[in-house]
Amino acid sequence: MPELPEVETTRRGIAPHLLGATIAALEIRQPRLRWPVPTQLPETLPGQVIRAVRRRGKYLLLGTDAGTLILHLGMSGSLRLTPPDSPWRKHDHFALRLTTGLGLRYHDPRRFGCLLWTETAPEQHPLLAALGPEPLEPAFTGGYLHAHARGRRMAVKSFLMDSRIVVGIGNIYANEALFRAGIAPNRPAGRISLRRYEHLAQAVRTVLAASINQGGTTLRDFVDAAGNPGYFRQTLQVYGRAGEPCPVCGTGIRVQRLGQRATYWCPQCQR
DNA sequence: ACTGGCTCCTGAGGGC
DNA sequence: TGCCCTCAGGAGCCAG
(Lines give C-alpha, C1' and ligand atoms only; values in the text may rest on other atoms or scores of the structure.)
Protein backbone atom coordinates (compact mmCIF):
# COMPACT_ATOMS: atom_id res chain seq x y z
CA MET A 1 0.00 0.00 0.00
CA PRO A 2 2.18 2.76 1.15
CA GLU A 3 4.13 4.16 -1.74
CA LEU A 4 6.52 7.08 -1.53
CA PRO A 5 3.89 9.77 -0.74
CA GLU A 6 2.41 7.75 2.11
CA VAL A 7 5.81 6.92 3.59
CA GLU A 8 6.89 10.55 3.29
CA THR A 9 3.61 11.67 4.90
CA THR A 10 4.34 9.28 7.76
CA ARG A 11 7.91 10.53 8.06
CA ARG A 12 6.82 14.15 8.23
CA GLY A 13 4.23 13.29 10.86
CA ILE A 14 6.55 11.41 13.19
CA ALA A 15 9.80 13.35 12.74
CA PRO A 16 8.98 16.39 14.93
CA HIS A 17 8.02 14.08 17.81
CA LEU A 18 10.94 11.68 17.48
CA LEU A 19 13.91 13.92 16.73
CA GLY A 20 16.01 14.31 19.85
CA ALA A 21 13.76 12.00 21.86
CA THR A 22 15.15 9.17 23.98
CA ILE A 23 13.88 5.63 23.55
CA ALA A 24 12.57 4.07 26.76
CA ALA A 25 11.54 0.69 25.38
CA LEU A 26 10.66 -1.39 22.37
CA GLU A 27 7.61 -3.52 23.07
CA ILE A 28 7.01 -6.38 20.66
CA ARG A 29 3.68 -8.21 20.39
CA GLN A 30 4.28 -10.02 17.10
CA PRO A 31 7.89 -10.41 15.95
CA ARG A 32 6.93 -12.42 12.86
CA LEU A 33 6.85 -9.77 10.16
CA ARG A 34 8.32 -10.26 6.70
CA TRP A 35 11.56 -10.96 8.53
CA PRO A 36 11.66 -11.59 12.28
CA VAL A 37 12.23 -8.51 14.41
CA PRO A 38 15.82 -8.91 15.74
CA THR A 39 15.57 -10.46 19.19
CA GLN A 40 18.26 -8.26 20.75
CA LEU A 41 16.53 -4.99 19.82
CA PRO A 42 14.57 -4.54 23.08
CA GLU A 43 17.91 -4.60 24.93
CA THR A 44 19.77 -2.45 22.41
CA LEU A 45 17.40 0.47 22.05
CA PRO A 46 16.61 1.82 25.54
CA GLY A 47 18.58 4.99 26.24
CA GLN A 48 19.28 5.66 22.57
CA VAL A 49 18.53 9.13 21.27
CA ILE A 50 16.83 9.42 17.86
CA ARG A 51 19.14 11.65 15.84
CA ALA A 52 17.57 11.37 12.39
CA VAL A 53 14.24 10.41 10.80
CA ARG A 54 14.90 9.80 7.13
CA ARG A 55 13.29 8.06 4.18
CA ARG A 56 14.96 6.07 1.42
CA GLY A 57 12.44 4.90 -1.15
CA LYS A 58 9.69 3.27 0.89
CA TYR A 59 11.99 2.60 3.85
CA LEU A 60 11.97 4.75 6.98
CA LEU A 61 15.30 5.11 8.77
CA LEU A 62 15.48 6.08 12.43
CA GLY A 63 19.08 6.91 13.25
CA THR A 64 20.66 6.59 16.71
CA ASP A 65 24.29 6.68 17.87
CA ALA A 66 24.33 2.87 18.14
CA GLY A 67 22.76 2.10 14.77
CA THR A 68 19.76 2.64 12.54
CA LEU A 69 16.27 1.17 12.64
CA ILE A 70 15.06 0.20 9.16
CA LEU A 71 11.30 0.17 8.85
CA HIS A 72 9.06 -0.79 5.93
CA LEU A 73 5.27 -0.56 5.90
CA GLY A 74 4.70 -3.33 3.35
CA MET A 75 1.21 -3.37 1.81
CA SER A 76 -0.94 -2.56 4.82
CA GLY A 77 1.34 -1.00 7.43
CA SER A 78 0.99 2.29 9.24
CA LEU A 79 2.68 4.10 12.11
CA ARG A 80 0.80 6.17 14.65
CA LEU A 81 1.85 8.33 17.52
CA THR A 82 -0.01 7.22 20.62
CA PRO A 83 -0.47 8.66 24.11
CA PRO A 84 0.87 6.73 27.12
CA ASP A 85 -1.01 3.50 27.93
CA SER A 86 -2.88 3.55 24.64
CA PRO A 87 -4.65 0.17 24.24
CA TRP A 88 -3.22 -2.32 21.75
CA ARG A 89 -5.46 -2.97 18.78
CA LYS A 90 -5.55 -6.11 16.69
CA HIS A 91 -2.54 -6.13 14.30
CA ASP A 92 -0.51 -3.70 16.40
CA HIS A 93 2.81 -5.58 16.27
CA PHE A 94 5.30 -3.40 18.08
CA ALA A 95 5.66 -0.03 19.76
CA LEU A 96 8.57 2.26 20.41
CA ARG A 97 8.04 4.01 23.72
CA LEU A 98 9.82 7.30 24.36
CA THR A 99 10.86 8.61 27.75
CA THR A 100 8.23 11.33 27.31
CA GLY A 101 5.58 8.60 27.38
CA LEU A 102 4.70 9.06 23.73
CA GLY A 103 4.50 5.84 21.73
CA LEU A 104 5.09 4.97 18.08
CA ARG A 105 2.77 2.10 17.24
CA TYR A 106 3.20 -0.15 14.21
CA HIS A 107 -0.03 -1.59 12.76
CA ASP A 108 0.07 -4.03 9.83
CA PRO A 109 -2.70 -6.59 9.15
CA ARG A 110 -0.82 -8.37 6.39
CA ARG A 111 2.59 -8.34 8.09
CA PHE A 112 4.49 -7.68 4.85
CA GLY A 113 6.43 -4.89 6.53
CA CYS A 114 9.60 -5.19 8.58
CA LEU A 115 11.63 -3.76 11.44
CA LEU A 116 15.36 -4.31 11.09
CA TRP A 117 18.52 -2.93 12.62
CA THR A 118 21.89 -2.07 11.17
CA GLU A 119 25.02 -0.81 12.88
CA THR A 120 26.75 0.24 9.68
CA ALA A 121 25.72 2.90 7.16
CA PRO A 122 22.11 2.04 6.25
CA GLU A 123 22.80 2.75 2.56
CA GLN A 124 25.05 -0.33 2.62
CA HIS A 125 22.39 -2.63 4.02
CA PRO A 126 21.53 -5.36 1.48
CA LEU A 127 17.95 -4.10 1.19
CA LEU A 128 19.08 -0.56 0.36
CA ALA A 129 22.38 -1.00 -1.45
CA ALA A 130 20.96 -1.57 -4.94
CA LEU A 131 18.17 1.01 -4.86
CA GLY A 132 17.82 3.47 -7.73
CA PRO A 133 17.57 7.25 -7.38
CA GLU A 134 14.89 9.13 -5.49
CA PRO A 135 12.27 10.35 -7.98
CA LEU A 136 12.08 13.79 -6.37
CA GLU A 137 15.83 14.38 -6.56
CA PRO A 138 17.80 15.78 -9.49
CA ALA A 139 19.39 12.47 -10.55
CA PHE A 140 15.97 11.26 -11.70
CA THR A 141 15.50 12.52 -15.24
CA GLY A 142 14.05 11.41 -18.56
CA GLY A 143 17.59 10.86 -19.78
CA TYR A 144 18.30 8.56 -16.86
CA LEU A 145 15.19 6.47 -17.58
CA HIS A 146 15.89 6.37 -21.30
CA ALA A 147 19.48 5.22 -20.75
CA HIS A 148 18.50 2.43 -18.36
CA ALA A 149 15.63 1.24 -20.58
CA ARG A 150 17.88 0.66 -23.56
CA GLY A 151 17.34 -2.80 -24.97
CA ARG A 152 14.84 -3.84 -22.34
CA ARG A 153 11.62 -5.55 -23.37
CA MET A 154 9.87 -5.38 -20.00
CA ALA A 155 6.63 -3.36 -19.91
CA VAL A 156 7.32 0.27 -19.00
CA LYS A 157 4.95 0.02 -16.03
CA SER A 158 6.93 -2.86 -14.50
CA PHE A 159 10.14 -0.94 -15.30
CA LEU A 160 8.84 2.10 -13.42
CA MET A 161 7.93 -0.05 -10.40
CA ASP A 162 11.40 -1.65 -10.23
CA SER A 163 13.13 -0.13 -7.19
CA ARG A 164 16.55 -0.70 -8.76
CA ILE A 165 15.53 1.73 -11.51
CA VAL A 166 13.76 4.31 -9.35
CA VAL A 167 12.41 4.00 -5.82
CA GLY A 168 9.03 4.74 -4.33
CA ILE A 169 6.67 4.16 -7.26
CA GLY A 170 4.11 1.43 -6.61
CA ASN A 171 1.00 0.35 -8.45
CA ILE A 172 -1.14 3.43 -7.91
CA TYR A 173 1.42 6.03 -8.95
CA ALA A 174 2.79 3.96 -11.83
CA ASN A 175 -0.72 3.90 -13.31
CA GLU A 176 -1.24 7.60 -12.67
CA ALA A 177 2.12 8.77 -14.00
CA LEU A 178 1.77 6.76 -17.22
CA PHE A 179 -1.69 8.22 -17.79
CA ARG A 180 -0.41 11.76 -17.30
CA ALA A 181 2.50 11.07 -19.67
CA GLY A 182 0.25 9.49 -22.32
CA ILE A 183 2.24 6.23 -22.41
CA ALA A 184 0.58 2.80 -22.66
CA PRO A 185 1.58 0.69 -19.61
CA ASN A 186 2.44 -2.40 -21.65
CA ARG A 187 4.78 -0.63 -24.07
CA PRO A 188 8.27 -2.19 -23.91
CA ALA A 189 10.53 0.08 -21.84
CA GLY A 190 13.22 0.05 -24.52
CA ARG A 191 10.86 1.33 -27.21
CA ILE A 192 10.09 4.76 -25.79
CA SER A 193 11.81 7.94 -26.97
CA LEU A 194 13.91 10.24 -24.80
CA ARG A 195 11.33 12.96 -25.29
CA ARG A 196 8.54 10.74 -23.97
CA TYR A 197 10.69 9.65 -21.02
CA GLU A 198 11.17 13.32 -20.18
CA HIS A 199 7.38 13.66 -20.04
CA LEU A 200 7.19 10.53 -17.89
CA ALA A 201 9.83 11.74 -15.41
CA GLN A 202 7.95 15.02 -15.10
CA ALA A 203 4.64 13.18 -14.62
CA VAL A 204 6.19 11.06 -11.86
CA ARG A 205 7.48 14.14 -10.04
CA THR A 206 4.17 15.96 -10.43
CA VAL A 207 1.94 13.14 -9.23
CA LEU A 208 4.14 12.22 -6.25
CA ALA A 209 4.48 15.83 -5.12
CA ALA A 210 0.74 16.43 -5.50
CA SER A 211 -0.05 13.34 -3.47
CA ILE A 212 2.37 14.31 -0.69
CA ASN A 213 0.55 17.66 -0.54
CA GLN A 214 -2.72 15.78 0.02
CA GLY A 215 -1.28 13.50 2.71
CA GLY A 216 -1.07 10.50 0.36
CA THR A 217 -3.70 8.07 -0.90
CA THR A 218 -5.91 6.03 1.42
CA LEU A 219 -7.65 3.07 -0.18
CA ARG A 220 -8.31 1.08 2.96
CA ASP A 221 -5.61 1.01 5.62
CA PHE A 222 -3.34 3.99 5.32
CA VAL A 223 -3.40 6.63 8.02
CA ASP A 224 -0.78 9.21 8.91
CA ALA A 225 0.97 9.52 12.25
CA ALA A 226 -2.08 11.26 13.71
CA GLY A 227 -4.45 8.57 12.44
CA ASN A 228 -5.90 10.59 9.57
CA PRO A 229 -6.39 9.24 6.02
CA GLY A 230 -4.79 10.83 2.95
CA TYR A 231 -6.95 12.75 0.48
CA PHE A 232 -5.26 12.09 -2.86
CA ARG A 233 -7.64 9.26 -3.75
CA GLN A 234 -10.17 11.71 -5.13
CA THR A 235 -7.48 13.09 -7.46
CA LEU A 236 -6.60 9.72 -9.01
CA GLN A 237 -7.36 9.85 -12.75
CA VAL A 238 -7.33 6.16 -13.70
CA TYR A 239 -6.46 3.93 -10.73
CA GLY A 240 -9.56 2.06 -9.57
CA ARG A 241 -11.72 3.68 -12.27
CA ALA A 242 -12.31 0.79 -14.69
CA GLY A 243 -15.27 1.59 -16.96
CA GLU A 244 -15.45 5.23 -15.98
CA PRO A 245 -14.88 7.85 -18.68
CA CYS A 246 -11.34 9.08 -19.18
CA PRO A 247 -11.16 12.57 -17.64
CA VAL A 248 -9.50 13.86 -20.82
CA CYS A 249 -11.29 12.20 -23.75
CA GLY A 250 -14.25 10.30 -22.26
CA THR A 251 -13.17 6.87 -23.50
CA GLY A 252 -13.84 4.09 -20.98
CA ILE A 253 -10.90 3.36 -18.67
CA ARG A 254 -9.66 -0.20 -19.12
CA VAL A 255 -8.24 -2.57 -16.55
CA GLN A 256 -6.03 -5.60 -17.17
CA ARG A 257 -3.45 -7.55 -15.21
CA LEU A 258 0.12 -6.79 -16.08
CA GLY A 259 2.89 -8.40 -14.08
CA GLN A 260 0.30 -9.66 -11.54
CA ARG A 261 -0.89 -6.12 -10.84
CA ALA A 262 -4.14 -4.40 -11.82
CA THR A 263 -3.31 -1.94 -14.58
CA TYR A 264 -5.64 0.93 -15.51
CA TRP A 265 -5.29 3.04 -18.63
CA CYS A 266 -7.07 5.02 -21.31
CA PRO A 267 -6.65 3.21 -24.64
CA GLN A 268 -7.20 6.48 -26.51
CA CYS A 269 -4.84 8.82 -24.63
CA GLN A 270 -2.08 6.32 -23.88
CA ARG A 271 0.00 4.89 -26.73
C1' DA B 1 21.61 -10.11 -17.69
C1' DC B 2 16.61 -10.09 -17.95
C1' DT B 3 12.14 -11.80 -17.33
C1' DG B 4 7.99 -13.39 -15.42
C1' DG B 5 5.95 -15.91 -11.70
C1' DC B 6 5.55 -17.19 -6.85
C1' DT B 7 5.50 -16.16 -2.19
C1' DC B 8 4.64 -14.29 2.54
C1' DC B 9 -0.23 -12.68 5.32
C1' DT B 10 -5.07 -11.12 6.67
C1' DG B 11 -9.43 -9.31 5.35
C1' DA B 12 -13.05 -7.72 2.25
C1' DG B 13 -16.27 -8.52 -1.21
C1' DG B 14 -18.84 -11.21 -4.62
C1' DG B 15 -21.31 -15.41 -6.20
C1' DC B 16 -23.94 -19.21 -4.89
C1' DT C 1 -25.62 -17.25 7.45
C1' DG C 2 -21.76 -19.59 5.44
C1' DC C 3 -18.43 -21.34 2.17
C1' DC C 4 -15.25 -20.65 -1.48
C1' DC C 5 -12.93 -17.87 -4.63
C1' DT C 6 -10.39 -13.68 -6.04
C1' DC C 7 -8.13 -9.65 -5.10
C1' DA C 8 -5.49 -5.86 -2.43
C1' DG C 9 -1.07 -0.22 -1.87
C1' DG C 10 5.33 -4.53 -1.79
C1' DA C 11 9.21 -6.64 -3.24
C1' DG C 12 12.62 -10.45 -2.37
C1' DC C 13 13.67 -14.63 -4.43
C1' DC C 14 13.88 -18.19 -7.85
C1' DA C 15 14.03 -20.83 -12.17
C1' DG C 16 14.45 -20.57 -16.99
Side-chain angles (χ1 to χ4, degrees), chain A residues 1-10 29-37 55-60 70-79 89-94 106-116 125-132 135 147-178 185-191 204 207-208 211-212 214-224 229-236 238-243 255-264:
Chain A
M1 157 235 148
E3 306 183 33
L4 187 149
E6 293 76 36
V7 179
E8 178 62 18
T9 295
T10 299
R29 290 292 173 102
Q30 171 56 279
R32 295 174 57 200
L33 304 183
R34 173 149 197 192
W35 295 284
V37 177
R55 178 187 58 73
R56 177 73 175 104
K58 298 174 189 169
Y59 291 93
L60 283 168
I70 301 174
L71 241 146
H72 196 290
L73 303 179
M75 288 272 268
S76 57
S78 58
L79 281 170
R89 296 171 304 161
K90 192 176 183 184
H91 305 305
D92 282 352
H93 302 316
F94 64 82
Y106 180 76
H107 181 85
D108 184 9
R110 292 178 74 180
R111 287 196 276 127
F112 287 173
C114 66
L115 176 66
L116 298 172
H125 189 278
L127 290 174
L128 307 187
L131 294 180
H148 284 265
R150 177 177 291 244
R152 300 191 61 172
R153 289 182 294 274
M154 158 192 281
V156 63
K157 177 169 175 253
S158 303
F159 178 72
L160 204 54
M161 292 173 67
D162 183 341
S163 64
R164 293 164 300 185
I165 299 301
V166 56
V167 296
I169 305 170
N171 200 35
I172 293 180
Y173 300 108
N175 279 298
E176 293 297 306
L178 287 165
N186 63 349
R187 176 170 285 276
R191 302 214 35 224
V204 165
V207 74
L208 294 181
S211 181
I212 291 170
Q214 296 291 308
T217 300
T218 296
L219 296 180
R220 171 172 292 139
D221 300 304
F222 178 71
V223 289
D224 67 15
Y231 297 104
F232 194 68
R233 185 178 187 175
Q234 63 199 58
T235 310
L236 298 176
V238 290
Y239 182 88
R241 297 192 182 278
V255 61
Q256 188 178 309
R257 315 215 114 242
L258 194 162
Q260 288 88 242
R261 310 303 293 274
T263 301
Y264 300 87

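Residue numbers begin at 1 in each chain, while the letters A, B, ... track the order of the sequences.
- Proximity of a side-chain donor or acceptor of A/Asn175 to a complementary backbone N or O of A/Tyr264 within less than 3.5 Å is detected.
- Looking at the side chain of A/Arg110, the nearest of the listed nucleotides C/dA11, B/dC9, B/dT3 is B/dC9.
- Taking the side chain of A/Arg32 as heavy atoms from C-beta on, and the options C/dG12, C/dA11, B/dC9, the nearest nucleotide is B/dC9.
- Among the atoms of the strands shown, only primed sugar atoms or phosphate atoms (P, OP1, OP2) are found under 4.0 Å from some heavy atom of A/Gly170.
- Remark: side-chain polar atoms of A/Glu3 are paired, donor with acceptor, to backbone N or O of A/Gly170 under 3.5 angstrom.
- Between A/Tyr59 and C/dG12 there is a side-chain polar atom (N or O) within less than 4.0 angstrom of OP1 or OP2.
- Using cut-offs of 30° and 60° on the angle between ring planes, the pair A/Tyr106 and A/Phe94 is parallel.
- The NE2 atom of A/His72 sits 19 Å away from the P atom of B/dC8 (whole-angstrom rounding).
- In this structure, A/Lys157 atom NZ and B/dT3 atom P are separated by 16 Å, rounded to whole Å.
- One can place CD1 of A/Ile169 at 14 Å from C1' of C/dG10, the figure rounded to the nearest angstrom.
- At a threshold of 4.0 angstrom between heavy atoms, the contacts of A/Arg153 are confined to the sugar-phosphate backbone, with no base atom among them.
- Projected onto DNA chain B by closest heavy-atom contact, A/Arg220 and A/Arg150 fall at different nucleotides, the more 5' of which corresponds to A/Arg150.
- Regarding A/Asn171, its CG atom lies at a distance of 13 Å from the P atom of C/dC7, rounded to whole Å.
- Heavy-atom neighbours of A/Arg89 CZ from other residues, nucleotides or ligands within 6.0 Å: above the threshold of 12.
- When each of C/dG12, B/dA12, B/dC8 is scored by its nearest atom to the side-chain atoms of A/Phe112, the top-ranked nucleotide is B/dC8.
- Rounding to whole angstrom units, NZ of residue A/Lys90 and P of B/dT10 are separated by 9 Å.
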Tell me, what's DNA chain C's dot-bracket, Watson-Crick or G-U with both distances under 3.5 Å, | for other-strand, [ ] crossing? .|||||||.|||||||
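- Side-chain atoms of A/His93 never come within 3.5 Å of backbone atoms of A/Arg111 as a donor-acceptor pair (strictly under, hydrogens ignored).
- Here B/dT3 presents its C1' atom at 11 Å from CD of A/Gln260, a figure rounded to the nearest Å.
- The closest side-chain heavy-atom distance from A/Phe222 to A/Thr10 is below 4.5 Å.
- Closest to the A/His91 side chain, of the nucleotides C/dG10, B/dG11, C/dG12, is B/dG11.
- Nucleic acid contact for A/Tyr239: sugar-phosphate only, since backbone atoms but no base atoms lie under 4.0 Å from a heavy atom of the residue.
- One atom, CZ of A/Arg164, and another, C1' of B/dT3, lie 10 Å apart when rounded to the nearest Å.
- Atom P of B/dC9 sits at a distance of 22 Å from the matching atom of C/dC3, rounded to the whole Å.
- At distances below 3.5 Å, not a single donor-acceptor pair connects side-chain atoms of A/Arg29 with backbone N or O atoms of A/Asp92.
- Counting to the nearest Å, the P atom of B/dG5 and the CG atom of A/Leu258 are 10 Å from each other.
- Counting non-hydrogen atoms under 4.0 angstrom, A/Phe232 reaches nothing in the nucleic acid.
- Listed candidates were B/dG5, B/dT10, C/dG10. Nearest to the side chain of A/Arg34 is C/dG10.
- Contact check, A/Arg261 against C/dA11: no side-chain N or O comes under 4.0 Å of OP1 or OP2.
- Ring geometry for A/Phe232 against A/Tyr173 counts as tilted: the plane angle lies between 30° and 60°, on a 0 to 90° scale.
- Checking B/dG5, C/dG10, C/dG12 against the side-chain heavy atoms of A/Trp35 singles out C/dG12 as nearest.
- For B/dC9, the base has no donor-acceptor partner in the side chain of A/Arg111 [N/O atoms by modelled type, under 3.5 angstrom].
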